[in-house]
K.L.:
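Here it is: the structure, laid out below.
These numbers come from the heavy atoms of this one structure, side chains and all, not from hydrogens, waters or symmetry mates. Each residue takes its place number in the sequence, starting with 1. Note that ligands are numbered from 1 as they come in the structure, with each ligand's atoms numbered from 1 the same way. All values reported here derive from a predicted model rather than from experimental measurement.
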Amino acid sequence: MAFITPFAPSLSRTPLRRPRSTARRSPHASPTLPRVRMARTSIQPDELDVAEDSPRDAAFSDPQHDLPDADLELEPPCVGDFLHSPCLQEYKEQREAGLVSYSLYDLPDDISDVWALAVGPSKATELKNQYSRFGVLIEHNFADFASAEGCTDAFRNATIDEIAFAKAKAVYDDTGMPAIAEFSDMTIEPPKSGSNINKTMQQGYYTRLVDTEGDAMIDRVRPISDANRMAIFKSAVAYYDGEMHVVVQRAASVAMAFASAYHVTIAIASALDELFKQLSRRLNLTFDSPENSKWRAEDGEGQSEGKRLVGATMLKERLLREGKMLSDNIIKVSSFVNHKVDTELMEVCGEELAERLRHTMPNKILTVESTGLIAGLPTARTLGIPLVFARKSRPITISDSYQTTYRSATKGTMNELIVSCEYLEAGDRVLIIDDFLAGGSTAEALFKLAKMAHAKVVGVGVLIEKMMDGGRAFLSGYDVPVESLAKILPAGDRGRIMFVEEEAWVPPFVKKQRSEGEQEGEEGAGTERSMAMLEEEDEDEEGEEGEEDVGVIRWEDEEEEGVLDELEENLIREHGRR
Ligand SMILES: O=P(O)(O)OC[C@H]1O[C@H](OP(=O)(O)OP(=O)(O)O)[C@H](O)[C@@H]1O
């Protein structure tokens, strides 16, 4: 049974690990860091009691359940036997043959460590960006771990945190680099008692091949499930550096009506986020490089220096923790956005909205009282432009005004919007900022006001976009960029908020610099590396592409039948018998 993701690391890049810089560590840290015991908490521990007949899952549902001490000395039994990564094996062989050297070439000063990964490709990109800002260069990703031939039982009997840990440890053992690894599974809970369901369907379903089998399994089970039946995605992430290990688990439950394999990313993102928090504290990974701490506008297009963008990340993290769906499309964020306001969070959100929309060259922010001001003010301040907010009732100080009406999505009432002719002028380039985008009627009303003033709306930015209300499509006719920091998916998951996972946004000029940097690197900028190494690298890059193609062809043409048979087997497998 394989869980291969078609992704190959660039084996021939020199595997480097600079001796750990103490500069980034706490001055009080002892040279041998203590081992960390992590309580394995889940987002919704109360919702994880679905697999009554599984001692593993019972343990998982207990937030206090720690790895037993024996695990801390892992080598877990059979771990080396039941896991195998062809790419890591190849790397190991190259290393043993002396083809990859550990000589340290000039790493940038702001890099203090080089790590490796064993995670899915999209998460790898995110982690690379995230950790690079903290002085960690992520150099390899061994995403092709699979259960070794003949080790199916050992693999099934291992918990997901054991597997994540085993992957991290295997990568560390074979590369010498600290490693982060991930492993996830999906459970479809048994139907509620009394459901009209035949015997084989009473136990629920389970897979560890979420990427490849998850959707097919959900599609098969959904028609025989009631709307409240849950698919539970669990993810374990582990870090190991030879001295210390940290293991974190998180879970996300999604109603079958909305579930897709994609939702495993919620559990993965949440676990990785917690892992990052733990590691940044334990390893004192500080964001201390002046080079990194600012985005630099060097494209000559008039973009000013902006700050590092963490608004979307922090907002999503907060949504995950505190946001609630009160109904299908009413979102409660009153503890940090629109009643009690987390001003620091709004500050970084405003900064990110400003940087995302800076290219529209606005000279004015237009928003609506009162909650539009929450995101509007920091955005305006970052851009250094004034803010005008439309009033919902006419102040006695306003005589000449532009005025329109719109229907409030949340209240269902018709509202007036009024802006003084003094403050919206012909030729203004207006950026609309609001807390929410739902159906788009509020933003459209602001478009109308701008039009009355012969001003031009150049963009729309919101903190939170409710994907189910179609505001983006509604506004598409205006043909302006629409940016949102968090895109909320339709309700589900017992009041929990779910959002679309997106790659971190980076300014176009930074992207350009990075791709130019990469090209330079490929074209021989790595002067410290031997010609032989560069040639190998070229070959590997060809190999990477080749392998991805093969992965696709194999699924579609050669092994499709086999995979479907296996899926069929999994579907009829009772939950407790994995
Ligand atoms: O895209 P839409 O469908 O127009 O919805 C978005 C608007 O809904 C909310 O305002 P609301 O109408 O509830 O008024 P409030 O800000 O006074 O609560 C929110 O603050 C946005 O302005």
Side-chain angles (χ1 to χ4, degrees), residues 311-312 315 318-319 322-343 345-346 349-350 353 356-357 364-380 387-395 402-419 424 430-452 457-491 497 499-500:
L315 179 64
R318 201 63 177 275
L319 280 164
E322 289 179 36
K324 280 210 165 45
M325 299 295 292
L326 295 185
S327 69
D328 275 356
N329 63 355
I330 302 292
I331 301 168
K332 185 178 176 191
V333 288
S334 55
S335 62
F336 55 99
V337 177
N338 53 16
H339 199 117
K340 180 180 159 206
V341 182
D342 182 334
T343 53
L345 176 64
M346 291 305 113
C349 286
L353 283 175
R356 289 190 186 200
L357 289 157
K364 206 167 270 180
I365 298 282
L366 181 61
T367 187
V368 193
E369 67 173 345
S370 55
T371 52
L373 286 163
I374 295 162
L377 284 169
T379 310
L387 173 145
V388 174
F389 65 96
R391 311 289 295 248
K392 288 180 177 168
S393 60
R394 179 182 299 277
Y402 305 113
Q403 194 166 327
T404 188
T405 53
Y406 76 106
R407 176 175 287 278
S408 161
T410 45
K411 297 171 191 142
T413 54
M414 292 305 289
N415 285 347
E416 280 200 320
L417 283 188
I418 300 154
V419 172
L424 210 48
V430 170
L431 178 59
I432 293 173
I433 299 289
D434 207 346
D435 55 347
F436 278 93
L437 172 63
S441 56
T442 310
E444 191 188 43
L446 295 173
F447 270 90
K448 285 180 185 166
L449 291 175
K451 192 174 175 203
M452 289 172 203
V457 175
V458 293
V460 176
V462 296
L463 297 175
I464 299 167
E465 177 176 354
K466 297 196 269 185
M467 300 294 281
M468 51 286 197
D469 291 334
R472 185 176 287 267
F474 183 69
L475 298 177
S476 60
Y478 289 99
D479 201 23
V480 297
V482 176
E483 288 285 352
S484 58
L485 300 187
K487 296 187 171 72
I488 304 293
L489 292 163
I497 281 191
F499 45 78
V500 177

K.L.:
Is there a donor-acceptor contact under 3.5 Å linking the side chains of E322 and S335?
P.N.:
yes
K.L.:
With distance as the sole criterion, is a donor-acceptor pair present between the side chains of D435 and T371 under 3.5 Å?
P.N.:
yes
K.L.:
Kindly say whether S484 contributes a backbone atom to a donor-acceptor pair with the side chain of R356 at under 3.5 angstrom?
P.N.:
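Yes: the side chain of R356 pairs with the backbone of S484.
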K.L.:
Under a 4.0 Å heavy-atom cut-off, which residues neighbour ligand 1?
P.N.:
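Residue list for ligand 1: T371, K392, S408, A409, T410, K411, D434, D435, F436, L437, A438, G439, G440, S441, T442.
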K.L.:
I'd like to check I331 versus K324 (side-chain heavy atoms, cut-off strictly below 4.5 Å). Are they in contact?
P.N.:
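A side-chain contact under 4.5 Å is absent here.
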K.L.:
Could you list the residues that satisfy ring-ring contact (aromatic ring centres under 6.0 Å, His included) with Y478, not counting sequence neighbours?
P.N.:
F447
K.L.:
Decide, yes or no, whether a salt bridge links E369 with K392 under the criterion of side-chain N to carboxylate O below 4.0 Å.
P.N.:
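Judged by the 4.0 Å cut-off on N to carboxylate O distance, E369 and K392 do not form a salt bridge.
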